[in-house]
There are 2 protein chains.
Amino acid sequence: MRQTLMAVRIGKQATGTMDEKSITPNHPSKSQERPTLKTIAFMTGLGITTVSRALKDAPDIGADTKERVRLVARQLGYQPNRAGVRLRTGKTNVIALVLSIEEELMGFTSQMVFGISEVLAGTQYHLVLTPHSHQRDPMMPVRYILDTGSADGIIISRVAPEDQRVALLTERGFPFATHGRTDMGIMHAFHDFDNESYVYQAVRKLIARGRTRIALLPPPSNLSYYHHSRIGFERALAETGASEVPVGRVTSESSLGMIKEFAENLMRNHAPPDGIVSISGSATVALIAGTEAAGKVLGKEFDLVSKQSADFLNWIRPEILTVNEDVRHAGRELAKAIIARIDGVAPDLLQSISHPTWASAAPV
Amino acid sequence: MRQTLMAVRIGKQATGTMDEKSITPNHPSKSQERPTLKTIAFMTGLGITTVSRALKDAPDIGADTKERVRLVARQLGYQPNRAGVRLRTGKTNVIALVLSIEEELMGFTSQMVFGISEVLAGTQYHLVLTPHSHQRDPMMPVRYILDTGSADGIIISRVAPEDQRVALLTERGFPFATHGRTDMGIMHAFHDFDNESYVYQAVRKLIARGRTRIALLPPPSNLSYYHHSRIGFERALAETGASEVPVGRVTSESSLGMIKEFAENLMRNHAPPDGIVSISGSATVALIAGTEAAGKVLGKEFDLVSKQSADFLNWIRPEILTVNEDVRHAGRELAKAIIARIDGVAPDLLQSISHPTWASAAPV
DNA sequence: CAAATTAACTGTAACGTTTCAGATTGTTTT
DNA sequence: AAAACAATCTGAAACGTTACAGTTAATTTG
């Protein structure tokens with residue numbers, strides 16, 4: 001029974017002869033319904049099961065049968081029905097990106113999304129966005145996805161050192177990857193930017209320029225990278241003997257108006273900083289406005305180092321020392337990690353960190 | 001048979017007694033599977049069909065039965081299984097946002113996404129992102145969605161006056177809404193920013209400041225809003241007798257380096273413009289860099305008007321006259337429109353336009 | 001009071017897929 | 001030649017939902 005099958009048994013009365021959907025009158029003949037396994041089964045004269053198994057290259061299907069099935073499938077442009085697969089297997093082929101609307105404005109989110117999409121484009125996965133107000137209930141989207149099984153994996157950002165979402169997802173054994181690290185003794189997939197190193201190097205650069213009184217505009221203190229940036233900051237200060245000018249409760253996510261006002265007051269102090277490190281590009285814009293409103297000249301009376309996720313600060317003030325956080329790359333890494341995680345790869349193999357690279361002094 | 005039903009007929013041997021899923025050993029008892037119609041049917045003693053119909057408030061179900069079903073459903077936290085619904089009805093409860101990775105960087109995409117999500121959050125719809133390189137094959141994502149039926153509606157942006165995607169979607173009768181208008185005699189849902197009016201007003205403002213030689217940095221000429229901005233521009237010039245300083249082939253989406261270089265050359269001409277209108281915030285950043293590299297002072301030798309989708313230009317140069325395009329609002333409008341479209345509302349009732357509002361001179 | 005009508009409920013089938021437990025060959029072993 | 005095996009193929013059932021065509025019992029009609 002090697003190659004005898006060639007369409008000998010046509011029709012297959014049992015399952016019904018390919019039910020000849022009534023051709024709609026407007027589209028003469030092109031209105032062919034979407035092909036299913038049944039279509040291929042009919043065309044090849046095989047059973048639906050055989051076709052299904054052939055397409056997943058199961059070992060109990062003959063080599064030439066597989067070939068034949070694949071050929072017809074390709075010819076028809078067959079694509080498995082997602083709802084069918086999902087209903088039967090529970091596999092959604094969906095990655096959920098949970099993001100907070102407080103996310104940084106300057107292109108952060110879009111770059112992340114594009115990075116993820118880049119990787120997902122080559123797979124069966126779709127990307128579903130689940131924005132929410134982080135303030136209100138950060139657990140809500142995660143719980144929803146968990147309860148409804150509406151994704152195979154989750155990417156979360158803005159993680160805290162002790163992150164409830166990470167705890168919950170881990171407890172449930174649900175695949176996830178985070179943008180940012182945690183500090184709760186839980187092993188999980190992540191990608192992070194090395195903010196400690198960034199701030200450390202930033203301070204060293206300021207000191208190399210002779211600055212000694214440094215201020216750090218950090219992220220909100222509940223987020224993990226607040227601590228990383230503090231550690232880098234303190235390490236650099238300790239090594240060099242430079243001193244810190246404290247910033248009070250202002251953070252990179254305070255309103256731009258508040259940041260400006262703060263910066264202006266700060267620079268009007270009797271002992272203002274001569275170097276500022278900023279963790280966020282948009283905050284830096286307000287920072288400049290404030291410092292200049294106080295009459296200070298960037299590059300002269302003080303220097304400024306900033307991280308940014310889109311390359312725009314140096315167009316505004318070439319004097320700013322900038323580091324680009326490649327968020328798109330982060331997106332790519334996270335997408336690869338979550339897919340691997342879904343495929344069962346151990347989380348400790350899915351951790352990566354980007355290191356700061358300093359932009360050349362001025363753009364073209 | 002009014003209120004006699006109260007759990008009299010329990011069990012229902014026919015369909016099987018709620019098959020008591022083997023409780024997993026790790027989770028003592030809380031590991032209740034996700035409730036389905038069957039669960040509710042069992043608990044109420046009703047048939048699955050009855051429960052289904054009761055939940056959709058069908059007219060042939062008794063009022064008290066409905067109440068009872070709703071109560072139990074709420075109690076269990078019942079959520080219809082999306083795969084089941086989708087398989088049976090073809091309804092995906094998904095809105096696809098097709099966006100091009102060439103989309104403006106400065107927060108445009110994220111604001112759009114957040115706006116859409118805001119509206120979708122109150123509905124059963126999920127938001128699926130389908131980014132793609134617009135250059136390569138703009139039709140691909142649309143065709144994919146059409147072929148696989150993977151969404152109930154599509155939102156597209158960056159439309160052209162004669163847009164193939166609009167033509168295809170209309171031909172297939174598929175619900176969609178566009179960010180931007182077309183000009184091909186097809187009635188469809190859209191939201192647009194009134195770029196004609198923006199540019200017109202921009203020019204008038206420049207002229208009010210005594211400027212007479214105006215340059216327009218327009219979007220790429222294949223996009224609809226290129227034409228709108230040109231119309232507004234030319235109308236203002238015609239009315240006032242001001243003259244245009246042409247910009248050649250530079251557009252708001254040329255690289256920042258190119259824009260800067262162009263601006264610098266332009267301002268070094270023997271007859272440079274004294275007013276510039278920019279359609280994009282990020283381009284404006286480069287524009288400033290170029291004009292200042294040529295030694296010109298903003299607000300003195302020339303004035304600059306720019307549109308932006310995030311409020312940042314005035315932090316950089318308070319002198320710039322800015323208009324904020326509220327992309328988040330656009331997202332909200334588009335989401336509402338696409339849902340209405342799916343519900344069968346006529347497209348001509350789903351068209352809206354945002355008008356420019358001028359930011360107050362300087363921010364806080 | 002039989003027949004028709006109405007109100008309330010229900011089982012079956014189907015959407016497209018995969019898993020399971022066979023079935024049908026031909027071939028090898030004993 | 002009977003029995004066992006291997007290689008291929010297969011139908012039935014199930015996932016959760018809804019449309020359809022009933023069924024049942026009570027009520028109205030003639």
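Below, chain A is the first sequence line, B the second, and so on; all start at residue 1. As the structure is a computational prediction, the values presented were derived from the model and not from experiment. Hydrogens, waters and symmetry mates play no part in the numbers below; they use all other heavy atoms, side chains included.
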- Note on the structure: Output field dot_bracket for DNA chain C (Watson-Crick or G-U, both distances under 3.5 Å, | for other-strand pairs) contains ||||||||||||||||||||||||||||||

- Message: On DNA chain C, does the nearest nucleotide to Lys66(B) precede the nearest nucleotide to Arg88(B) from the 5' side, or the other way round? Give the residue.
- Response: Lys66(B)

- Message: Output the rounded distance in Å from CG (Leu55(B)) to P (dT18(D)).
- Response: 9 Å

- Nearest whole angstrom, please: distance from the C1' of dG11(C) to the NZ of Lys38(B). 14 Å

- When you match Lys56(A) and Thr49(B) each to their closest nucleotide on DNA chain C, which lands nearer the 5' end? Thr49(B)

- Item | Rounded distance in Å - CZ (Arg68(A)) to P (dT8(D)) | 14 Å

- Message: So Thr89(A), base contact, sugar-phosphate only, or nothing? Heavy-atom distance under 4.0 Å.
- Response: sugar-phosphate

- Nearest-angstrom distance from the residue atom CG of Leu87(A) to C1' of dT17(D): 8 Å

- If the plane angle is over 60° it's perpendicular, under 30° parallel, otherwise tilted; pick one for His179(B) and His191(B). parallel

- Task: Describe the nucleic acid contact of Asn81(A) in one word from base, sugar-phosphate, nothing, applying a heavy-atom distance below 4.0 Å.
- Result: sugar-phosphate

- If we ignore angles and hydrogens, is there a donor and acceptor under 3.5 Å between the side chains of His188(A) and Thr182(A)? yes

- Give a yes/no answer on whether the side chain of Tyr78(A) brings an N or O atom under 4.0 Å of OP1 or OP2 in dT17(C). yes

- Query: Just how far, in rounded Å, is C1' of dC15(C) from CD of Gln79(A)?
  - Reply: 18 Å

- Query: For atom CE of Met140(A), is the number of surrounding heavy atoms from other residues, nucleotides or ligands below 6.0 Å larger than 12?
  - Reply: no

